[in-house]
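Comments concern the structure below.
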Amino acid sequence: MRLSLMKVPKRYLIVILTFISTCVCYIERVGFSIAYTVAADKAGVNQSSKGTILSTFYYGYACSQVPGGWAAQRIGGRKVLLLSFVLWSSTCFLVPLDPNRVFLLVLARLLVGVAQGFIFPSIHTVLAQWVPPHERSRSVSLTTSGMYLGAAMGMLALPSLVKFKGPQSVFVAEAALGAMWSLLWFKYASDPPRSEHPKATAAGFGESLLPLKGNQKTKLENGGSASRTAKIPWKKILLSLPVWAIVVNNFTFHYALYVLMNWLPTYFEQGLKLSLQEMGSSKMLPYLNMFIFSNIGGVVADHLITKRIMSVTKTRKFLNTIGFIVASLALMALPLFRTSSGAVFCSSLALGFLALGRAGFAVNHMDIAPRYAGIVMGVSNTAGTLAGIIGVDLTGKLLEAATTASSDLSSPESWRVGKEFLIEVELCSAASSNYMKMVPPPAYCHIGHVVVLLFYNNIDKMHMQMATMNRHIAPIHGATDVYPSATVSFLGASRSNVSVGAIFTFSTINGQVSKIAMKAAEDDINSDPRILGGRKLSIKFHDSNFSGFLGIMGALQFMETDTVAIIGPQNAVMAHVLSHLANELRVPLLSFTALDPTLSPLQYPFFVQTAPNDEFQMTAIAEMVSYYGWAEVIAIYSDDDQSRNGVITLGDKLAERRCKISYKSALPPDPTGNETDVMNELVKVRMMESRVIVLHTFSKTGLMVFDVARRLGMMDSGYVWIATTWLSTVLDSKPLLASNKSNSIKGALTLRPHTPDSKRKRDFVLRWNKLSNGSIELNPYGLYAYDTVWIIARAIKLFLDQGNTISFSNDSNLIGLGGGTLNLGALSIFDGGSQFLKNILQTNMTGLSGPIRFNQEIQDRSPLRPSFDIINVVEHGHQLIGFWSNYSGLSVVPPETLYGKPPNRSSSNQHLNDVVWPGGVTEKPRGWVFPDNGRKLRIGVPNRVSYRDFVYEVNGSDIVHGYCIDVFHAALNFLPYAVPHTFILYGDGHQNPNFNELVNKVTTGDFDAAVGDIAIVTNRTKTIDFTQPYIESGLVVVAPVKKWNKNPWAFLQPFTPLMWAVTAIFFLVVGAVVWILEHRINDEFRGPPKRQIVTVLWFTFSTMFFAHRENTVSTLGRIVLIIWLFVVLIINSSYTASLTSILTVQQLSSPIKGIDTLMTSNDRVGYQVGSFAENYLIEELSFPKSRLVALGSPEEYTLALLNGTVAAVVDERPYVDLFLSDHCQFSIRGVEFTKSGWGFAFPRDSPLAIDMSTAILTLSENGELQKIHDRWLLKKSCSSDSESSQVDSEQLHIESFWGLFLICGIASFLALFIYFCSMVRQFKHYTPEDPDPSTPCNFHSARLQTFLSFADEKVERMKSKSKRKREEMSIPSNGFGKETESRNVSDRIQRDISPERNNGDSWRD
């Protein structure tokens, strides 16, 4: 690696390292923004605080540019660059990412900004020292391109790191990158020796175009360096026109760059309606393009200079001009493209050529002042940083002004700025032309005026327009300054009125409010002639007076008079009919009160709902019901299309949350209902179980319902009333009426469409008293009415701006229908109706009711992010208890404050404030009671014939007792309310009833509940709800057993044959191992063969009783013996325990071992009549039905088991325990093969099931449940003996001991291995090899015999022989003598061994 680096010119390595440094710096900047934003959102930090933290970096960065250049000049760019990297890396590593510690984060980001502010001046100082002029362009371009690559890399990689490792991991990763770069820079960077740059020196390297003092020139001529010792010419730098040209150009470039980087995502999302997530990696193309074009510009510039195609000056001018002109043209064209591909192309082209232009002005620092390049870079980069601060903030204000002007960021005009901003640009252009005359290499600003425009271009005279608008609207208290518009030229259109119709019942609250609001909107629009280009908006009102027929007639009249749109109708009944007319004649209908969710845009494309429809209101009510834990509601509604369809939607939304409408009460359509009708329905409702009532009607009928409910006592505690938005309109618009009805509506909840607070809204509220003359107060539907008129006006403006004309033509379908008095032929089609409708649906504005946008999906055109206020009516008015929105659900903060956070619909995040319920109580009502209809709860209980301890009838009376009944009564006592009930026996009294049929009776409604020994099984839980089990249950097998006879060979039974065999083998193996290990050194293991065999056997088996007499001498032998004695101890203890159990405990035997035995045999099996055991055996275990025998009582059990009718009985454990308490000749075989319990059965979603489960848990916790069990089911008799007798004699298997044997075997093997290795080493040491190669077979045979003899010989004797051998080997001899000596030694060994053979002291014959 080092050799390869030595071949690369040092300046190339310096350039590469500076490139990496800029890349790492921008990864840090992007990374902090990503990590801090995630952490701040989780901590709930507001946008203002986030902005403070994020902007702090740039203040430090701007302040340290010039000091950074000075430090690089005085200390050296290499050292300053290293110190700055170490400083910001250490800060990132040491500072925790805690959004709540604002001061610490501000200080840290300020420090990081200061540290990174030193980097670019230092880089330019280093490059000016190292890079010759003909390489400067591509060197600087490559270095600065690292910024773009780093930003792209950070955007792509760091979000995943945050997701999987957390925000703090980004700080650690950035610190690690900074530390690694610092190590590389410390190792490879150095100050340049001037001898390395002969070409550079010849080309003017190191010279400055700034004026120098005389002594500085002298030092340079003598080969000295003035860069660090000479005084910095600050005055000449600051007064130098070339320097200021660079500063202005840098300001212009960074203005464009920072505005694009910060606002381009906003343009994509709001201007083009594109999702950044859906755009994928294409959103990174502009930055990748900058990286590519930056390097292309550098290479091209150096090529032009090196090949002398152009001079340095012309090259800089050429690339600077080309880059900025193309970027300007691309940015001017950007608003013209309305697709993602076009926008990405234009922005990529613009940023790419901006980067290309850096090969012009960005290299000027080193061209005009190479010795002071760092200082000049600091000055110009300060201006660039200020450009980012000013440009980003100014752009936001311009967009806000554009939003105010057009109220639609999706239009191209919103992304342009007025000509007053061109004044500074023209001044900049004029100044740049003067700079061109005085700057050798240009640093132009004359292109900059085009780049500064960015997205904004060519909308005329905004200041004049807004001033004029304010003059026109001043008399209306400034309320309509929200709705200014640009001048419109009507191409080919006459200046007549634009007609709009309105169909309402003006005697209703919403009718009165809407008429006043629409008139106000009409006046505001017409007060400014420029809004409709001199035309007047004319709204014609028609009163339908609650009549659908009159509403249709009014619509036909409007469509005869060239009406472009109709506001209304007021209710969905007319909307369904009029929508067909609108579809045919292409006249849009806009309604904010006909909110029927079934008015689908697929069926009625020309019907537009400008307020949230009832689907969202019903969703809000369903979430409220779920939030408070209620399961059922009663819906009272007017029997018309809108109310009926709303209730159907409510049922769907409740079902999604496992709730339901238990009863629907329909009233006559408003206003035809009377008190008698209401009284009749409420009497029925009062008899129902649910106490949660949803009232979906209109004001007249709704107030009547509350009056009657109060008289019936239905506004007392225990009831819950939820009214739809009709009640909030009464509270808002008729406060006097509401106060008169306060006793009737007190405690009710209602919804109100949520409209965010704004100055515009407050101003309009102030105008309202004057507009209405105090006749009625404003409600949210008045705001919707006002905004609807403005939606139409803006759509008309856009329609005419598109070059369309308002024209109508005859409907061919009506030709021939014009006769008579109806004059249907006068109905005409709006020719531009489809385009006009499209313009309406593309509305993007901020109105009095808040932001107005429509979903663009064809099947859903509802306003975006609908929300509601949740209001509680109290003693003296009403209180706001929370909000609902389809974005975040229920909350106690306004929904608009949550839109900046990820949606969280979890139950823990849903909150509402305290409520005062009907009756003045603050505790949440239970929501249901037992029906007040004079009927007690009908509870079915099994009429058992057997096992009557669980349930039985007392002497033919209606009184029922038993274990299950006592548990039920005990649970009822813990309920906070009374449960009137009566028990109804189910069964014929001759045999036990079928429990599945009993449960089905609850499902069908014949019983309100079922109490008894009812097992909780899967197929039953599908139709009913069970309480918490009050006793454990499971199926077991009962079979006859007999006492196990005594056996004279019982002492062999504790172990299996395999266990005996393995134990015996290990006794022999361990004895043999110990003998081998002890034979050479222990006299007790030596002697004649017979004696040694007896010794081994005696030693081995005597260890069973720890009675062995032989001592072990070797270490390995002792280790093996200790492990073996431990194994023997375990085996002896286990054997003793098992044998004791066999000989002392009475054992019962049976061929039936459990359910597995029954499954593999053909024996018949009994089961209890009515039990679920029959279905389980057939369906789950696949028993043939022919093998099953139904048994009805314990007596039948006994008889069938004894006479062999069945081999076993399968029944539930509680029954079997009672049975065995009196029948000791039977026993449970095996274990329970199902796990379940008994519970009480209730209908699905019954609230009583939940309360009873809670009561049963209380009984279990306080011990009462066990006491009831012991009182009824604890029988002494022989049940305990029977329980103990079921334990089978279990032999001990090898599986229980294989670990011990494995340890012993491994220890023995390792001991033998170590022993033999030691033997071989000793044999080679004590016995020389026979060197005669002529007889290899004899040689190997002799060696084997010698080894065996050696292994058999005692250690002491071998030691004496070894001593003699060493003495003989010490006599010097030639090779022949060595051979003779070897043979002599071998002969002596044979002679020594021979007497031992004769004495029989050997293991060989």
Does S538 use its side chain to pair, donor to acceptor, with the backbone of V498 at less than 3.5 Å? no
Parallel, tilted or perpendicular, judged at 30° and 60°: which one describes the rings of W884 and F616? tilted
4.5 Å side-chain heavy-atom contact, T561 and K540: yes
Hey, can you tell me if W726 and F706 have their rings parallel, tilted or perpendicular (30° and 60° cut-offs)? tilted
Looking at W917 and W721, would you say the former's side chain and the latter's main chain have a donor-acceptor pair under 3.5 Å? no
Does a donor on one side chain and an acceptor on the other come within less than 3.5 Å for Q879 and N913? no
Distance-only, no hydrogens or angles: does the T649 side chain make a donor-acceptor pair with backbone N or O of N645 under 3.5 Å? yes
If a pair satisfies salt bridge (charged side-chain N to carboxylate O under 4.0 Å, His left out) and one of its residues is in residues 693-711, list it, with sequence neighbours excluded. E675-R711, D707-K741
Is it true that atom CG of D914 has more than 12 heavy atoms of other residues, nucleotides or ligands lying nearer than 6.0 Å? no
Pick out which of T610, T755, D787 makes a side-chain hydrogen bond (donor to acceptor under 3.5 Å, both in side chains) with S849. D787
Within-4.5 Å side-chain heavy-atom neighbours: F592 and S514: yes
Indicate whether the side chain of S885 and that of S867 have a donor and an acceptor atom separated by less than 3.5 Å. no
State, yes or no, whether a side-chain contact exists between F698 and T508 at a heavy-atom distance under 4.5 Å. no
Salt bridge K761-D757, side-chain N to carboxylate O under 4.0 Å: no
Can S638 and D670 be counted as having a side-chain donor-acceptor contact under 3.5 angstrom? no
Quick check against the 3.5 Å criterion: does T619 have a side-chain atom that pairs as donor or acceptor with the backbone of E615? yes
Side-chain donor/acceptor of N571 to backbone N/O of M574, under 3.5 Å: yes
Any ion pair linking D763 and K759 (charged N to carboxylate O, less than 4.0 Å)? yes
Tell me whether S891 contacts the main-chain N or O of V893 through its side chain, where contact means a donor paired with an acceptor under 3.5 Å. yes
With a 3.5 Å distance limit and no angle check, can you tell me whether R586 reaches the backbone of F606 through a side-chain donor-acceptor pair? no
Between the side chain of N674 and the main-chain N/O of D677, is any donor-acceptor distance below 3.5 Å? yes
Any donor-acceptor N or O pair under 3.5 Å, side chains S547, N545: no
